[in-house]
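These numbers come from the heavy atoms of this one structure, side chains and all, not from hydrogens, waters or symmetry mates.
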Amino acid sequence: MTMRRFRWWWGALALTFVVVLVGFIAFTGSESRPGQPSPRQGPPGTGPLTVVSIGDSTVSGEGAGDYTPATNGQGGNWCHRSPNAFVEQIKIPDVTARVNLACSGAPSEQIALGEAKQWTEPSQAQQLANLLKDHRVAAVVIAIGANDEPKFSAQVNECFKAWFSPQNPPCSAALRTTWKSKVDAMVPKVTNAVADVKKVLAQAGYVPADYQLVLMSYASPVGPQIPEALRSLNGCPFRTEDLEWMRRDGVSVLSDGLKQASRATSARFLDLSRAGAGREACSSEPANEWFSRLTLQLRDLGQVDRASHALQESFHPNANGHAQIANCLNEFLAARTGNASCLSGPDGKLHAAPEVVAR
């Protein structure tokens with residue numbers, strides 16, 4: 001082989017090697033290793049970075065007022081979503097959109113994938129799937145379960161009725177023997193609903209590191225220390241023994257059940273069972289309370305299609321309560337890991353107290 005041909009052959013071989021090497025780097029990524037895909041920054045998809053709330057009345061904003069017209073009875077929709085709801089006040093770095101999918105009275109079945117509706121609205125998990133087409137979700141906050149077997153609002157109504165009949169046993173007499181079994185029956189339904197939310201996110205290309213998933217519990221709306229003047233239709237018509245049961249056992253057992261569901265679905269758990277202590281309805285001046293008292297919309301009584309909803313706002317977090325829940329939730333989301341409880345601090349505000357795990 002002549003020197004000229006050798007140089008030509010060697011140059012061609014070197015050029016081929018460079019082309020193959022460049023192609024290999026372009027295909028694998030300059031910093032990737034086998035089995036380790038390159039990390040991405042934040043949730044997949046397109047659109048604004050968003051926080052989403054899912055659940056029932058304690059999430060929708062029932063009791064906080066100023067409900068959106070579309071959810072204040074229009075076409076039979078009574079979801080009562082309020083611009084004062086805590087989701088509207090959540091602050092996460094780079095989040096520019098907040099979406100409230102919650103609906104007052106929603107059971108776990110309507111949160112899960114399926115055909116169940118609540119006040120004309122379809123599955124909230126399916127609504128989330130539609131939202132993911134043009135939003136990037138950084139956090140999903142869920143509060144559900146009270147409208148399953150526990151039927152917490154219905155129990156409050158039974159306790160309300162018991163106040164009118166002091167000669168009969170308190171409503172808590174029966175609940176003491178059935179409450180735990182009701183909560184136990186609720187747990188798998190909540191677990192299934194949260195699992196469906198995770199399924200929707202996974203189908204959209206999300207992995208657990210892309211977003212925070214939070215399951216919240218409930219606060220007691222009324223405490224036992226009610227001034228006698230307010231233990232009436234002017235405020236909080238309940239018997240003391242029923243309110244003591246509600247604070248001591250009702251919300252704590254319910255919270256324990258929801259924590260089970262959070263463990264089963266790897267969701268972070270935020271315990272609100274003691275969040276309202278000292279700030280319940282009828283505990284002080286209305287301006288200092290975080291929950292609505294007995295609330296009757298008199299104007300609705302004269303309208304056939306609205307009369308049955310005239311008391312719907314009673315005994316829920318009010319606008320002040322939602323602002324406090326938002327304060328606690330902001331701290332909780334900033335921590336990014338672990339469980340916590342919303343507790344009142346020396347400054348009179350709700351804060352996220354991290355769960356202490358025994359070693």
| said: Hydrophobic cluster membership, with links at side-chain heavy-atom distances under 4.5 Å among I/L/V/M/F/W/Y: are Ile144 and Val52 in one? | reply: yes
| For Lys259 and Glu355, what are the C-alpha separation, side-chain angles and deciding distance, and is it a salt bridge (charged side-chain N to carboxylate O under 4.0 Å, His left out)? | CA-CA 12 Å; Lys259 190 172 184 179; Glu355 180 180 70; 2.2 Å; yes
| query | Out of curiosity, Cys159 SG to Asp242 CG, how far, rounded to the nearest 0.5 Å? | reply | 4.0 Å
| field | Shared hydrophobic cluster for Tyr211 and Leu215 (ILVMFWY, side-chain gaps under 4.5 Å) | value | yes
| message | Is it the case that atom CZ in Arg239 sees more than 12 heavy atoms from other parts of the structure closer than 6.0 Å? | response | yes
| said: Measuring only between side-chain heavy atoms, which start at C-beta, is Met216 closer than 4.5 Å to Phe86? | reply: yes
| query | Closest heavy-atom contact between Ala219 and Val251? | reply | C-CG1, 4.0 Å
| field | Heavy-atom donor-acceptor pair, Ser341 side chain to Leu343 backbone, under 3.5 Å | value | no
| Are any of the side-chain heavy atoms of Met246 and Ser172 separated by less than 4.5 Å? | no
| request: Using modelled atom types only, decide if a donor and an acceptor are shared between the side chain of Glu289 and the backbone of Cys282 within a distance under 3.5 Å. | output: yes
| Short side-chain donor-acceptor distance under 3.5 Å, Glu313 and Tyr67 | yes
| message | Let me confirm one number: the CZ-CD distance from Arg306 to Gln312, rounded to the nearest 0.5 Å. | response | 9.5 Å
| query | Below 4.5 Å, heavy atoms only, C-beta onward: do Arg293 and Leu230 meet side chain to side chain? | reply | yes
| query | Any donor and acceptor pair, going by atom type alone, linking the side chain of Glu121 with main-chain N or O of Cys103 inside 3.5 Å? | reply | no
| said: Quick check for you: to the nearest 0.5 Å, what is the distance between Gln118 atom CD and Gln110 atom CD? | reply: 6.0 Å
| Do the side chains of Val187 and Leu272 join up, straight or via other hydrophobic residues, at under 4.5 Å, putting them in one cluster? | no
| query | Quick check: does any side chain N or O of Arg98 sit under 3.5 Å from a backbone N or O of Thr50, one acting as donor and the other as acceptor? | reply | no
| message | Grouping I, L, V, M, F, W and Y whenever their side-chain heavy atoms are under 4.5 Å apart, do Phe291 and Phe160 come out in a common cluster? | response | no
| query | Quick one: CD on Gln124 to CG on Leu113, what's the gap to the nearest 0.5 Å? | reply | 11.5 Å
| said: For the CG atom of Asn339 and the OG atom of Ser262, what is their distance to the nearest 0.5 Å? | reply: 5.5 Å
| Val194 vs Thr191, side chain to side chain contact (heavy atoms under 4.5 Å, CB included): CA-CA, chis, key distance, verdict | CA-CA 5 Å; Val194 177; Thr191 300; over 6 Å; no
| Between Phe315 and Phe238, does the ring centre distance come in under 6.0 Å? | yes
| said: What verdict does the side chain to side chain contact (heavy atoms under 4.5 Å, CB included) test give for Arg176 and Trp245, after you've listed the backbone C-alpha separation in whole Å, the side-chain angles of each residue and the deciding distance to 0.1 Å? | reply: CA-CA 8 Å; Arg176 284 190 178 93; Trp245 174 86; 3.7 Å; yes
| Does any N or O in the side chain of Ser165 come within less than 3.5 Å of the main-chain N or O of Asn168, such that one atom is a donor and the other an acceptor? | no
| request: Identify the heavy atoms of Val183 and Val253 that sit nearest to each other, and give their distance. | output: CG1-O, 3.6 Å
| Under 3.5 Å: donor-acceptor pair, side chain of Gln89, backbone of Asn84 | yes
| request: With the side chain counted from C-beta on, respond yes when Leu233 and Phe164 share a heavy-atom pair under 4.5 Å apart, and no when they do not. | output: yes
| Any idea how His309 and Trp78 line up, ring-wise: parallel (<30°), tilted (30 to 60°), or perpendicular (>60°)? | parallel
| task | Find the distance between CG (Leu128) and OG (Ser123) and round it off to the nearest 0.5 Å. | result | 9.0 Å
| query | Do other residues, nucleotides or ligands put more than 12 heavy atoms under 6.0 Å from the CD atom of Glu109? | reply | no
| Over 12 non-hydrogen atoms of neighbours within 6.0 angstrom of NZ in Lys180 | no
| request: Might you point out which heavy atoms bring Gly278 and Ser283 nearest each other, and give the distance in Å? | output: O-OG, 3.3 Å
| query | So if you build clusters from Ile, Leu, Val, Met, Phe, Trp, Tyr with side-chain heavy-atom gaps below 4.5 Å, do Phe269 and Val197 land together? | reply | yes
| request: Verify side chain to side chain contact (heavy atoms under 4.5 Å, CB included) between Thr240 and Arg231, making sure each step is shown before the conclusion. | output: CA-CA 9 Å; Thr240 301; Arg231 198 182 302 278; 3.3 Å; yes
| task | Please report the shortest heavy-atom distance between Gly257 and Met186, naming the atom on each side. | result | C-CE, 4.1 Å
| said: Strictly distance-based, threshold 3.5 Å: is any side-chain N or O of Asp300 a donor or acceptor partner for the main-chain N or O of Ala307? | reply: no
| request: Find out whether Val95 and Ile90 are in side-chain contact, i.e. whether some heavy atom of one side chain is under 4.5 Å from a heavy atom of the other. | output: no
| request: Compare every heavy atom of Arg279 with every heavy atom of Asn288, then report the nearest pair and how far apart it is. | output: O-NH1, 2.9 Å
| note | Exactly one candidate in Thr71, Asp66, Asn72 meets side chain to side chain donor-acceptor pair (under 3.5 Å) with Thr68; the answer is Thr71
| request: Walk me through it: do Asn130 and Lys133 pass the test side chain to side chain contact (heavy atoms under 4.5 Å, CB included)? | output: CA-CA 6 Å; Asn130 296 334; Lys133 296 174 184 177; 3.7 Å; yes
| query | With distance as the sole test, does Asn192 use its side chain to make a donor-acceptor pair with the main-chain N or O of Lys189 at under 3.5 Å? | reply | no
| query | If you draw a 6.0 Å radius around CD in Glu285, do more than 12 non-hydrogen atoms from other residues or ligands fall strictly inside? | reply | no
| query | What's the verdict on side chain to side chain donor-acceptor pair (under 3.5 Å) for Tyr218 and Asp56, showing C-alpha distance, side-chain angles and the deciding distance? | reply | CA-CA 11 Å; Tyr218 299 85; Asp56 53 29; 2.5 Å; yes
| Backbone of Ser252 reached by a side-chain donor or acceptor of Ser273 within 3.5 Å | no
| query | Is Val140 close to Ile54 at the side-chain level, that is, under 4.5 Å between some pair of heavy atoms? | reply | yes
| Expected output: side-chain Asn147 to main-chain Ala106 donor-acceptor under 3.5 Å | yes
| Contact check, side chains of Arg268 and Val141, non-hydrogen atoms, under 4.5 Å | no
| For the residue pair Ser60 and Asn100, what are the closest heavy atoms and their distance? | O-ND2, 3.1 Å
| Greater than 12 external heavy atoms within 6.0 Å of Gln203's CD | yes
| field | Qualifying side chain to side chain donor-acceptor pair (under 3.5 Å) pairs with a residue from residues 316-327, counting only residues at least two apart or across chains | value | Ser57-His316
| field | Residue pair Pro43 / Leu49, side-chain heavy-atom distance below 4.5 Å | value | yes
| Does a salt bridge link Glu62 with Arg81, judged by any charged N lying under 4.0 Å from a carboxylate O? | no
